[in-house]
Amino acid sequence: TETNNEAFGDDSLLDTTKDVSKPNQEELTNSSQEVKTTKEVTNPSPVNLNDIQLHMSEIIPDPALAPVIVQSPESGLAVSLHFTKNKPRDGVSVVILSVANHHSQPVSELELRVVLSKGWKQRLSPFPVTQLSGVTSFSPPASTTAMMLVTSKEAGVSPCSLSYFLSYSLEGETVSDMGKDCQLLG
């Protein structure tokens, strides 16, 4: 199945914040008849998420938007989405994905793949660590975070939902978890 995910090589994105109600006018000249006509240009400018560089230290959480739990701690690894105030470009949002290990044993080879609904694009940074220690009685669960840039490919797309595939190794066994159609942006 082909997706709208940057992981599949399409990193050309569209800036949906430009006012397309006032279309640009482009003059076209037919050289054989010297007739001038105009055509409406309604496509927004492309946004390449690979051109955007942010550091985790620059991220500002948005206190008005509560984190979204997409996988509960009861499954062993909790996955949550944290919304931010950061808008590195018009039409681009920043979401922080957090994974916390609630298993008593350490996990390794942690990998997360994300796909957004049709009409949306994302760039997910890799986790800074792929191993998380096991939880103990007197310390919080070990966690790691990744930054995801999100934008729509065109104006008027439906709300964004996220599906994910999470895999990791626990006591030598590969474990896989999946989530589908988690509401991301309204």
Side-chain angles (χ1 to χ4, degrees), residues 1-26 38-54 56 58-75 77-100 110-127 143-167 176-186:
T1 306
E2 188 171 314
T3 66
N4 296 318
N5 193 343
E6 179 187 357
F8 294 94
D10 183 8
D11 58 332
S12 175
L13 301 173
L14 299 178
D15 183 353
T16 61
T17 61
K18 295 205 176 190
D19 186 2
V20 293
S21 64
K22 299 176 187 171
N24 297 327
Q25 297 293 315
E26 180 179 339
T38 60
K39 129 180 150 169
E40 291 184 2
V41 179
T42 57
N43 290 341
S45 301
V47 174
N48 185 342
L49 293 180
N50 289 327
D51 292 341
I52 299 173
Q53 301 299 319
L54 283 175
M56 198 62 84
E58 300 171 318
I59 302 302
I60 302 168
D62 189 342
L65 298 172
V68 174
I69 306 301
V70 296
Q71 182 168 301
S72 70
E74 289 77 28
S75 67
L77 287 185
V79 179
S80 57
L81 305 173
H82 302 265
F83 302 97
T84 71
K85 289 184 174 184
N86 298 76
K87 304 286 184 211
R89 297 251 172 93
D90 288 342
V92 178
S93 298
V94 179
V95 178
I96 302 301
L97 285 86
S98 177
V99 176
L110 182 63
E111 184 178 354
L112 179 69
R113 295 180 188 227
V114 173
V115 177
L116 300 182
S117 54
K118 185 176 180 178
W120 291 88
K121 295 293 288 179
Q122 58 86 13
R123 186 184 94 195
L124 180 64
S125 67
F127 287 121
S143 65
T144 188
T145 56
M147 185 183 323
M148 183 172 64
L149 302 176
V150 178
T151 191
S152 62
K153 291 174 63 177
E154 55 195 42
V157 296
S158 60
C160 184
S161 64
L162 172 141
S163 297
Y164 68 92
F165 178 79
L166 176 68
S167 67
S176 300
D177 296 322
M178 294 174 45
K180 188 172 179 179
D181 298 330
C182 306
Q183 190 69 27
L184 187 60
L185 302 170

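Keep in mind that the numbers below use all heavy atoms, side chains included, and drop hydrogens, waters and symmetry copies. Quick caveat, the model's predicted, so the values are computed rather than measured.
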Can you list everything that forms a side-chain contact (heavy atoms from CB on, under 4.5 Å) with [X]? Sequence neighbours excluded, please.
X      : answer
Pro61  : none
Thr144 : Val99, Leu110, Phe127, Pro128, Val129, Leu132
Lys85  : Ile60, Asp62, Pro63

Not counting sequence neighbours, which residues clear side chain to side chain donor-acceptor pair (under 3.5 Å) with [X]? List them please.
X      : value
Ser167 : none
Ser80  : His82
Glu111 : Arg113

Q: Determine whether more than 12 heavy atoms belonging to other residues, nucleotides or ligands lie under 6.0 Å from atom NZ of Lys180.
A: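 No, the 6.0 Å shell around NZ holds no more than 12 heavy atoms from other groups.
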
Roughly how far, to the nearest 0.5 Å, is the [atom2] atom of [Y] from the [atom1] atom of [X]?
X      : Y      : atom1 : atom2 : value
Thr151 : Arg89  : OG1   : CZ    : 10.5 Å
Tyr164 : Leu81  : OH    : CG    : 9.0 Å
Leu116 : Met148 : CG    : CE    : 5.5 Å
Ser143 : Leu77  : OG    : CG    : 11.0 Å

(Q) Would you say that Leu149 contacts Leu54 through its side chain, given a criterion of any heavy-atom pair below 4.5 Å between the two side chains? (A)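 Contact flag for Leu149/Leu54 side chains = yes.
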
Q | Non-hydrogen side-chain atoms of Lys121 and Val47 separated by less than 4.5 Å | A | no

Q: Begin with the C-alpha distance, continue with both residues' side-chain angles, and end with the deciding distance and a verdict on side-chain contact (heavy atoms from CB on, under 4.5 Å) for Val114 and Leu97.
A: CA-CA 10 Å; Val114 173; Leu97 285 86; 4.1 Å; yes

Q: Could you please spell out the steps behind the side-chain contact (heavy atoms from CB on, under 4.5 Å) verdict for Val68 and Phe83?
A: CA-CA 9 Å; Val68 174; Phe83 302 97; 3.5 Å; yes

**Q.** From CA spacing to verdict: side-chain contact (heavy atoms from CB on, under 4.5 Å), Asp181, Ser163
**A.** CA-CA 5 Å; Asp181 298 330; Ser163 297; 4.0 Å; yes

Q.
Going by side chain to side chain contact (heavy atoms under 4.5 Å, CB included), Val92 matches just one of Leu49, Val150, Asn86. Which one?
A. Leu49

Q) When you look at Ile96 and Met56, which way does the side-chain contact (heavy atoms from CB on, under 4.5 Å) test go after all the steps? A) CA-CA 9 Å; Ile96 302 301; Met56 198 62 84; 3.6 Å; yes

